[in-house]
Enquirer: 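Quick one: structure below, then a few questions.
All residue numbers in this chain count up from 1 along the given sequence.
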Amino acid sequence: MAINNILFFFLCFLLPCCFSDEQPALKLRPFLFVYSNGTIIRDTWSYDQPSGKMVPPSPNDPQTGVSSKDITIIPSTNVTARIYLPMLSNPSKKIPILVHFHGGAFCVGSSFDKGDFDYLNHVSSRGNILVISVNYRLFPEHALPAAYIDAWSALKWVASHKRGGAESWLVNHGDFKKIFVGGESAGGNIAHNLIVWAGKKKLPNDVQLVGAILATPFFYGSKPLASESNQTRYLLDNLWKYTCHSCEGGLDSPYLNPFGPGARCLTQLGCKKLMVYVAEMDPIRARGVWYYEGIKASGWKGEASFYEAKGAPHVFHIEHAKLPETEKMIERVIEFVNN
């Protein structure tokens, strides 16, 4: 705990001094700093490697045999994605589709980061899953709800390929009866909002979602939970104040608080099953538990499962590839998709 406090102090108060003598016009600690000249400094710190270290796609990954490529899926907003196709022993067999959303507090992170690349390569290879990792727009260039709009547009783009389309990997290999959404942190929040929308809106070609995977998901609300520290609440209060400054409801926006006064009905979630994965050492662990218990009590008729990574921090499966808990999570995700 003492080490975590020292790291938090470093990120929030000492790290900015390393970049500029000018005072930032916006300090969204510890995620980013925006200067009056337009310069944006995004945090690239992580435990094992810089989370901002981007890696190129691989036509044939030497460790997993997975092929990956980057494409533009929404030209009007320049939203891109990285697609992962495993080695197929039977190329004519259709395989499940996982639409994934990276974490990063809606203002940092990328689908092209090394942590995401390594994790999704293993999920694709070992699970025989076609993965689309969506690189949605970020704050401050694009405030929320831009990321949610991008995510829904990306999901519609995937569904549009059921009866043909430009992306041959989806057309030739995707099983449109087995589509899942998932993500970690902010990406888990996005996945939740997608299954809410999918319960109320139609996807192209009558495509329906099977399930959602929410890993160390980011939820919040104006009413504190007992285990939330003042430090955590200060950080999250400021984060939402800026990233979703035009969203109605403030900290109880339906995007952020699934059980707030303006929240949408959860009994009609647009999927059949849900996995919630929390981490024992995550400062926002309690919100993941709160979300799972709320879904169970909501009257939704789907199947919800819950797992906790013991001794693991926030987004452990992205930042700590070698943790035994990461291996367990990959196995559970694969079982969830293929069962």
Enquirer: Among Asn257, Asp237, Asn189, which residue satisfies the side chain to side chain donor-acceptor pair (under 3.5 Å) criterion with Tyr220?
Expert: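 Checked Asn257, Asp237, Asn189 against Tyr220; only one passes side chain to side chain donor-acceptor pair (under 3.5 Å): Asp237.
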Enquirer: Over all heavy atoms of both residues, which pair between Ala159 and Leu203 is shortest? Give the atoms and the distance, please.
Expert: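 Closest heavy-atom pair between Ala159 and Leu203: CB-CB, 4.2 Å.
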Enquirer: Could you tell me if Ser110 and His102 have a donor-acceptor pair between their side chains, going purely by distance under 3.5 Å?
Expert: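 Distance-only check fails for His102 and Ser110.
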Enquirer: Any idea how Phe117 and Tyr84 line up, ring-wise: parallel (<30°), tilted (30 to 60°), or perpendicular (>60°)?
Expert: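 Correct class here is tilted.
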Enquirer: If I compare all heavy atoms of Pro59 with all of Ser67, which pair ends up nearest, and what's the gap?
Expert: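 So the minimum-distance heavy-atom pair works out to O-OG, 2.6 Å.
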Enquirer: Check the surroundings of atom CD in Gln268: do more than 12 heavy atoms from other residues, nucleotides or ligands lie under 6.0 Å from it?
Expert: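 Counting other residues, nucleotides and ligands, CD of Gln268 stays at 12 neighbours or fewer.
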Enquirer: Does Glu228 have more than 12 heavy atoms from other residues, nucleotides or ligands lying within 6.0 Å of its CD?
Expert: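 Check passes, neighbour count above 12.
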Enquirer: If we check side chain to side chain contact (heavy atoms under 4.5 Å, CB included) with Val333, which of these qualifies: Tyr119, Tyr307, Tyr277, Phe180?
Expert: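 Among Tyr119, Tyr307, Tyr277, Phe180, the one meeting side chain to side chain contact (heavy atoms under 4.5 Å, CB included) with Val333 is Tyr119.
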Enquirer: Any donor and acceptor pair, going by atom type alone, linking the side chain of Asp116 with main-chain N or O of Phe112 inside 3.5 Å?
Expert: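 Checking the backbone N and O of Phe112 against the side chain of Asp116, no donor-acceptor pair under 3.5 Å is found.
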Enquirer: Report whether Ile149 and Ile132 are members of the same hydrophobic cluster (ILVMFWY, side-chain heavy atoms less than 4.5 Å apart, transitive linking).
Expert: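 As far as the 4.5 Å side-chain criterion goes, Ile132 and Ile149 are not connected within one cluster.
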Enquirer: May I ask whether Val171 and Ile97 are part of the same hydrophobic cluster, defined by side-chain heavy atoms of I, L, V, M, F, W, Y residues being less than 4.5 angstrom apart, directly or through others?
Expert: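 Hydrophobic grouping puts Val171 apart from Ile97.
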Enquirer: Enter the distance from Ile129:CD1 to Ile95:CD1 here, rounded to the nearest 0.5 Å.
Expert: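 Rounded to the nearest 0.5 Å, the CD1-CD1 separation comes to 8.0 Å.
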Enquirer: Determine whether a donor-acceptor pair (N or O, by modelled atom type, separation under 3.5 Å) exists between the side chain of Glu280 and the backbone of Lys310.
Expert: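 Not at all, since once roles are kept as given, no pair shorter than 3.5 Å links the two residues.
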Enquirer: Between Tyr148 and Phe101, does the ring-ring contact (aromatic ring centres under 6.0 Å, His included) criterion hold? Intermediate values first, please.
Expert: CA-CA 10 Å; Tyr148 299 116; Phe101 302 91; 9.8 Å; no
Enquirer: For Pro254 and Ala263, which heavy atoms make the closest approach, and how far apart are they?
Expert: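 Of all heavy-atom pairs spanning Pro254 and Ala263, the closest is CB-CA, 4.0 Å.
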Enquirer: Apply the test side chain to side chain contact (heavy atoms under 4.5 Å, CB included) to residues Ile71 and Glu167: give CA-CA distance (whole Å), side-chain angles for both, the deciding distance (0.1 Å), then the verdict.
Expert: CA-CA 9 Å; Ile71 64 169; Glu167 179 42 58; 3.7 Å; yes
Enquirer: Just checking Lys94: does its NZ atom have more than 12 heavy atoms from other residues, nucleotides or ligands closer to it than 6.0 angstrom?
Expert: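 More than 12 within 6.0 Å, yes.
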Enquirer: Using modelled atom types only, decide if a donor and an acceptor are shared between the side chain of Ser111 and the backbone of Val134 within a distance under 3.5 Å.
Expert: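 Yes.
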Enquirer: Enter the distance from Leu266:CG to Ser298:OG here, rounded to the nearest 0.5 Å.
Expert: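 Answer for the CG-OG pair, Leu266 versus Ser298, is 5.5 Å.
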Enquirer: Side chains of Ser125 and Thr64: is there a donor and an acceptor less than 3.5 Å apart?
Expert: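 Absent: no donor and acceptor within the cut-off.
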Enquirer: Determine, using ring centers only, whether Tyr292 and Phe306 are less than 6.0 Å apart.
Expert: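 They qualify: ring centres under 6.0 Å apart.
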Enquirer: How close do Leu239 and Ala105 get, counting heavy atoms only, and between which atoms?
Expert: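 Residues Leu239 and Ala105, closest heavy atoms: CD1-O, 3.5 Å.
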Enquirer: Under a plain distance cut-off of 3.5 Å, with no hydrogens placed, do Glu184 and His317 share a side-chain donor-acceptor pair?
Expert: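 Yes - a donor-acceptor pair under 3.5 Å links their side chains.
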Enquirer: Is a side-chain N or O of Lys162 found less than 3.5 angstrom from the main chain of Asp206, in a donor-acceptor match?
Expert: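 Checked: no pair found.
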Enquirer: Hey, could you give me the CZ/CZ distance between Phe139 and Phe106, rounded to the nearest 0.5 Å?
Expert: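 If I round to the nearest 0.5 Å, the distance is 12.5 Å.
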Enquirer: I'd like to know if the side chain of Arg233 reaches the main chain of Ser222, judged simply by a donor and an acceptor atom lying under 3.5 Å from each other, with no hydrogens or angles considered.
Expert: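 Looks like yes, one N/O pair under 3.5 Å.
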Enquirer: Taking OH in Tyr242 as the centre, count heavy atoms belonging to other residues, nucleotides or ligands within less than 6.0 Å. Is the count above 12?
Expert: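 No, the 6.0 Å shell around OH holds no more than 12 heavy atoms from other groups.
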Enquirer: Could you tell me how the ring of Phe218 sits relative to the ring of Trp240: parallel (under 30°), tilted (30 to 60°) or perpendicular (over 60°)?
Expert: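 Because their plane-to-plane angle is over 60°, the rings of Phe218 and Trp240 count as perpendicular.
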Enquirer: Measure from the side-chain N and O atoms of Asp252 to the backbone N and O of Gly221, and report whether any donor-acceptor pair falls under 3.5 Å.
Expert: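 Pair absent, no side-chain N/O of Asp252 close to backbone of Gly221.
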Enquirer: Run the salt bridge (Lys or Arg N to Asp or Glu O under 4.0 Å) test on Glu335 and Arg332 for me, step by step, so that the C-alpha distance in whole Å, both residues' side-chain angles and the decisive distance to 0.1 Å come before the verdict.
Expert: CA-CA 5 Å; Glu335 181 182 4; Arg332 287 166 174 161; over 6 Å; no
Enquirer: Looking only at the aromatic ring of each residue, does the gap between the centers of Tyr136 and His142 stay below 6.0 angstrom?
Expert: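 Ring centroids of His142 and Tyr136 are no less than 6.0 Å from each other.
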Enquirer: Would you please test Glu303 and Lys296 for salt bridge (Lys or Arg N to Asp or Glu O under 4.0 Å) and show each step?
Expert: CA-CA 9 Å; Glu303 175 188 342; Lys296 292 286 287 184; over 6 Å; no
Enquirer: Check Ile74 against Ala154 and note the closest heavy-atom contact, atom names and distance.
Expert: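 Closest pair (atom of Ile74, atom of Ala154, distance): CD1-N, 3.9 Å.
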Enquirer: Between Asp61 (side chain only) and Gln63 (backbone N and O only), is there a donor and an acceptor less than 3.5 Å apart?
Expert: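 Yes; judged by distance alone, with no hydrogens or angles, the pair exists.
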Enquirer: Testing the basics here: between Ser160 and Trp157, what is the closest heavy-atom pair and its distance to 0.1 Å?
Expert: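 Nearest heavy atoms, Ser160 then Trp157: OG-O, 2.6 Å.
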